[in-house]
Chemist: 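Sending over a structure as structure tokens; questions will come in a sec.
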Amino acid sequence: MFRSTFLGLSRAIAQPATPLTVRAAFQSRFYSAAAAASQPTTTATITTPSQQQQQPTTQPTTPIQTQTGAAPTESTKPVAKPYLVGRAWTQRLPVYHLAKRGGNKKLTQIKKVQGDGQALRKDLAQFLGLEVKEVRVKVPTGHLEVDGHRREEIVKFLDGLGF
């Protein structure tokens with residue numbers, strides 16, 4: 001009785017606990033039918049030599065295509081940068097709007113910057129059409145601050161780099 005109550009099982013199966021009933025109750029509670037159906041199954045296929053001769057072997061003749069439909073070239077491959085912007089636990093880019101000085105000073109903050117923050121600062125200023133002094137690197141935290149609310153533009157820039 002204690003084992004079934006300890007496992008949080010219903011009273012309907014609160015019988016003298018044998019390993020089989022406890023295991024069955026545990027599996028029925030924690031493994032749904034959908035999870036059991038999603039488990040991979042292995043099947044063996046036996047082919048005879050005559051079937052192997054009948055099956056033509058085809059090799060792909062076209063190169064791998066990207067989402068845009070074009071074959072990858074040197075210009076479409078991501079270029080290695082000396083910096084990296086990690087993602088938040090929600091799988092979103094850590095770019096946030098801030099308002100300081102009573103809401104009069106609008107800023108956009110980029111967190112989780114690793115590597116060369118100065119290189120990211122220069123690339124971002126060039127992409128946004130800003131002067132370099134309008135993008136600042138906060139040394140203790142490694143965060144970048146950009147003047148104005150520019151979250152959408154910065155996310156587009158970072159997505160374009162493959163972050």
Chemist: If you look only at distance, which donor and acceptor atoms sit under 3.5 Å apart when one is on a side chain in residues 150-163 and the other is two or more places apart or in another chain?
Modeler:
unit_1: Arg150; atom_1: NE; unit_2: Asp147; atom_2: O; d: 3.3
unit_1: Arg151; atom_1: NE; unit_2: Val95; atom_2: O; d: 2.9
unit_1: Asp159; atom_1: OD1; unit_2: Arg87; atom_2: NH2; d: 3.3

Chemist: Is there side-chain contact between Val146 and Glu134, with heavy atoms separated by less than 4.5 Å?
Modeler: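 Val146 vs Glu134: side chains apart.
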Chemist: Only pairs at least two apart or in different chains count here, so list each ring pair (Phe, Tyr, Trp, His ring centres under 6.0 Å) that has a residue in residues 128-147.
Modeler: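 Every candidate ring pair (Phe, Tyr, Trp, His ring centres under 6.0 Å) pair involving residues 128-147 fails, so no pair, neighbours aside, qualifies.
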Chemist: Where is the tightest heavy-atom contact between Ala119 and Pro82, given as atom of each residue plus distance?
Modeler: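 Scanning both residues completely, I find the closest heavy atoms to be CB-CG, 3.8 Å.
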Chemist: Can Leu128 be reached from Leu107 by stepping across I, L, V, M, F, W or Y side chains whose heavy atoms are under 4.5 Å apart?
Modeler: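 No: no chain of side-chain contacts under 4.5 Å links Leu107 to Leu128.
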Chemist: Taking all heavy atoms of Tyr96 and all of Ala88, pick out the closest pair and write down the distance.
Modeler: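 Heavy atoms only, the tightest pair is OH-CB, 4.3 Å.
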Chemist: Which pairs with one or both residues in residues 107-128 pass salt bridge (Lys or Arg N to Asp or Glu O under 4.0 Å), sequence neighbours excluded?
Modeler: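 Of all non-adjacent pairs touching residues 107-128, those that pass salt bridge (Lys or Arg N to Asp or Glu O under 4.0 Å) are Lys81-Asp123.
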Chemist: Under the ring pair (Phe, Tyr, Trp, His ring centres under 6.0 Å) rule, what pairs show up with a residue in residues 102-124, not counting sequence neighbours?
Modeler: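 Passing the test, one end in residues 102-124: no pairs.
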Chemist: Please check this pair: side chain of Thr108 against backbone of Gly148, looking for a donor-acceptor N/O pair closer than 3.5 Å.
Modeler: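 Indeed, once roles are kept as given, a pair shorter than 3.5 Å links the two residues.
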Chemist: Would you list the pairs meeting salt bridge (Lys or Arg N to Asp or Glu O under 4.0 Å) in which at least one residue belongs to residues 94-110, sequence neighbours left out?
Modeler: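 Residue pairs passing salt bridge (Lys or Arg N to Asp or Glu O under 4.0 Å), neighbours aside: Lys100-Glu145.
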Chemist: Val113, Leu98: one ILVMFWY side-chain cluster at the under-4.5 Å cut-off?
Modeler: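 No, it is not one cluster - the side chains of Val113 and Leu98 are not joined through contacts under 4.5 Å.
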Chemist: May I ask you to list the residues sharing a hydrophobic cluster with Trp89, side-chain cutoff 4.5 Å, ordered by chain and number?
Modeler: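 Direct or chained contacts put Trp89 with none.
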Chemist: Using the test side chain to side chain contact (heavy atoms under 4.5 Å, CB included), find all partners of Ala125 that sit at least two apart in sequence or belong to another chain.
Modeler: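 With sequence neighbours excluded, Ala125 shows a side chain to side chain contact (heavy atoms under 4.5 Å, CB included) to Val132, Val135, given in chain and number order.
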